[in-house]
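This report refers to the structure that appears directly beneath it.
Naming convention: chains lettered A, B, ... in sequence-line order (proteins, then strands); numbering from 1 in each chain.
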Amino acid sequence: MPELPEVETILRQLERLIKGRKIKEVQVAVPRILYHLSPADFKKRLRGAVFTSFSRRGKFLLCHMNEGELVMLIHFRMTGSLLYGTPSAISKAHTRISFWLDNDKLLCYNDMRKLGKIELIKGELVDNFHELKSLGPDPLSPDFSPQLLYNILQGSRRQVKELLLDQHKIAGLGNIYASEVLFDCGIHPQKKAHSLSPEEVGGLHRSILKILHLAIESRGCSIANYVDLAGESGAFQELRNVYQREGEPCYRCGELICRIKQQQRSTYLCPRCQQ
DNA sequence: ACCCTGACCTGCGGGC
DNA sequence: TGCCCGCAGGTCAGGG
């Protein structure tokens, strides 16, 4: 599920709705979401903890607890979501972890496929946490310049779409937005990364920012089951040009959108607009 | 460095 | 109706 825009949407809602709230009780229905942490440990460390602030790196959501002393790190993978509301209003389908808050509302981590992951890290160790440390630059960070993108692409002989999906190179794009971005700038997804000209990279850079900002404004993309904290769908799926539009006409030129496989995953493109 | 496969999970829709 | 297959916003480990 969530790529960068969906995580950003969730983060903004958490800032508005959960900031300053204290956790009264924690319930762990599916321990494997916590990986190496035991449910007992997880509960003990979070009982009484206060949500201080929130941040994001790529697709990782960071909940800073107790003035930054502790960080709860969430990766939603394919089908994870956070839901917030009164206990009776929240969908209990696939609830894996529940947090009771001091206003008697519930914050639930729901995840049909159980592929998501939650970690607890001491605040001072966050920057050394290997999964964050190995991430490439976040495209919404100020240091993500066209020149930086050019350097990243120059260093690889792989296909450009594969590179956009590689979180160690650029952190935040997933399968939907990678296809949409490449359509937007007219670059064929199978082009070798190092073969792109500075002008093409400039266009790619502009399209990455354009599509991500557009998707955040639309509060994410709900093609399948993504919902925000309130259980609401996003609207970006109405704006997409290629993703899951195989066999339908390109809005720009009328050619039929086609689907190819790259690294066992579907890529959608317009064969006429993307050369 | 690159490429592919399988693993982790559940659920949905299509074809027979 | 039921069963099997492929597919799904992700990522990692392992082998060639």
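Taking atom C1' in both dG10(C) and dA1(B), the straight-line distance is 22 Å, to the nearest Å.
Between Asp102(A) and Lys24(A) there is no salt bridge, since no side-chain N of the basic residue sits under 4.0 Å from a carboxylate O of the acidic one. By the 4.0 Å N-to-carboxylate-O rule, Arg77(A) lies too far from Asp111(A) to be salt-bridged with it.
Among the protein residues, Lys59(A) comes within range of the sugar-phosphate backbone only, with heavy atoms under 4.0 Å from sugar or phosphate atoms but none that close to a base.
Checking the phosphate oxygens (OP1, OP2) of dT11(C), no side-chain nitrogen or oxygen of His168(A) falls inside 4.0 Å. In this structure, His94(A) does not reach the dT10(B) phosphate: none of its side-chain N or O atoms is under 4.0 Å from OP1 or OP2. Side-chain nitrogen and oxygen atoms of Ser266(A) include at least one within less than 4.0 Å of the OP1 or OP2 phosphate oxygen of dA8(C).
Rounded to whole Å, atom P of dT10(B) lies 15 Å from atom CZ of Arg77(A). Rounded to whole Å, atom P of dG10(C) lies 7 Å from atom CG of Leu165(A). Note: CG (Leu73(A)) to P (dT11(C)) measures 12 Å, nearest angstrom. A straight line from CD of Gln244(A) to P of dG6(C) spans 18 Å, rounded to a whole angstrom. Computed from coordinates, the Lys114(A) NZ to dG10(C) C1' distance equals 17 Å when rounded to whole Å. Following rounding to the nearest Å, Arg113(A) (CZ) and dC8(B) (C1') show an atom-to-atom distance of 9 Å. Whole-Å rounding puts the Arg96(A) CZ to dT10(B) P distance at 7 Å. Atom CG in Asp111(A) sits about 11 Å away from atom C1' in dG10(C), given to the nearest Å.
Taking the side chain as every heavy atom from C-beta outward, Arg57(A) and Val126(A) approach each other to under 4.5 Å. By the 4.5 Å heavy-atom criterion applied to side chains, Leu62(A) and Ile121(A) are not counted as neighbours. Residues Leu37(A) and Arg45(A) have side chains in contact (heavy-atom distance under 4.5 Å, counting atoms from C-beta outward).
Residue-environment remark: CD (Glu124(A)) exceeds the threshold of 12 foreign heavy atoms within 6.0 Å. More than 12 heavy atoms of other shown residues, nucleotides or ligands fall within 6.0 angstrom of atom NZ in Lys92(A). The number of heavy-atom neighbours closer than 6.0 Å to NZ of Lys43(A), taken from other residues, nucleotides and ligands shown, is above 12.
Looking only at distances, a side-chain donor or acceptor of Gln275(A) sits under 3.5 Å from a matching main-chain atom of Pro271(A).
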Going 5' to 3' through nucleotides 2-7 of chain B, assign each nucleotide B (protein heavy atom under 4.0 Å from a base atom), S (under 4.0 Å only from sugar-phosphate atoms) or - (no protein heavy atom that close).
SSSB--
All N/O pairs under 3.5 Å across the protein-nucleotides 13-16 of chain C interface:
none

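We find the NZ-CD1 distance between Lys105(A) and Ile90(A) to be 9.5 Å, quoted to the nearest 0.5 Å.
Between the side chain of Arg265(A) and the base of dA8(C) there is no donor-acceptor pair of N/O atoms closer than 3.5 Å.
Judged by the 6.0 Å distance and 45° axis criteria, Arg245(A) is positioned over the aromatic ring of Tyr251(A). Taking the centre and axis of the six-membered ring of Phe183(A), the NZ or CZ atom of Arg252(A) falls inside the cone set by 45° and 6.0 Å.
Considering only the side chain of Leu115(A), dG10(C) comes nearest among dT10(B), dG10(C), dA8(C).
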Pair pattern of DNA chain B in dot-bracket, where unpaired bases get dots and | marks partners in another strand, Watson-Crick or G-U under 3.5 angstrom:
.|||||||.|||||||
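Each of Ile223(A) and Glu131(A) lies near DNA chain C, and the nucleotide nearest Ile223(A) is the one positioned closer to the 5' end. Both Phe60(A) and Tyr268(A) lie close to DNA chain C; mapped to their nearest nucleotides by heavy-atom distance, the more 5′-ward contact belongs to Tyr268(A).
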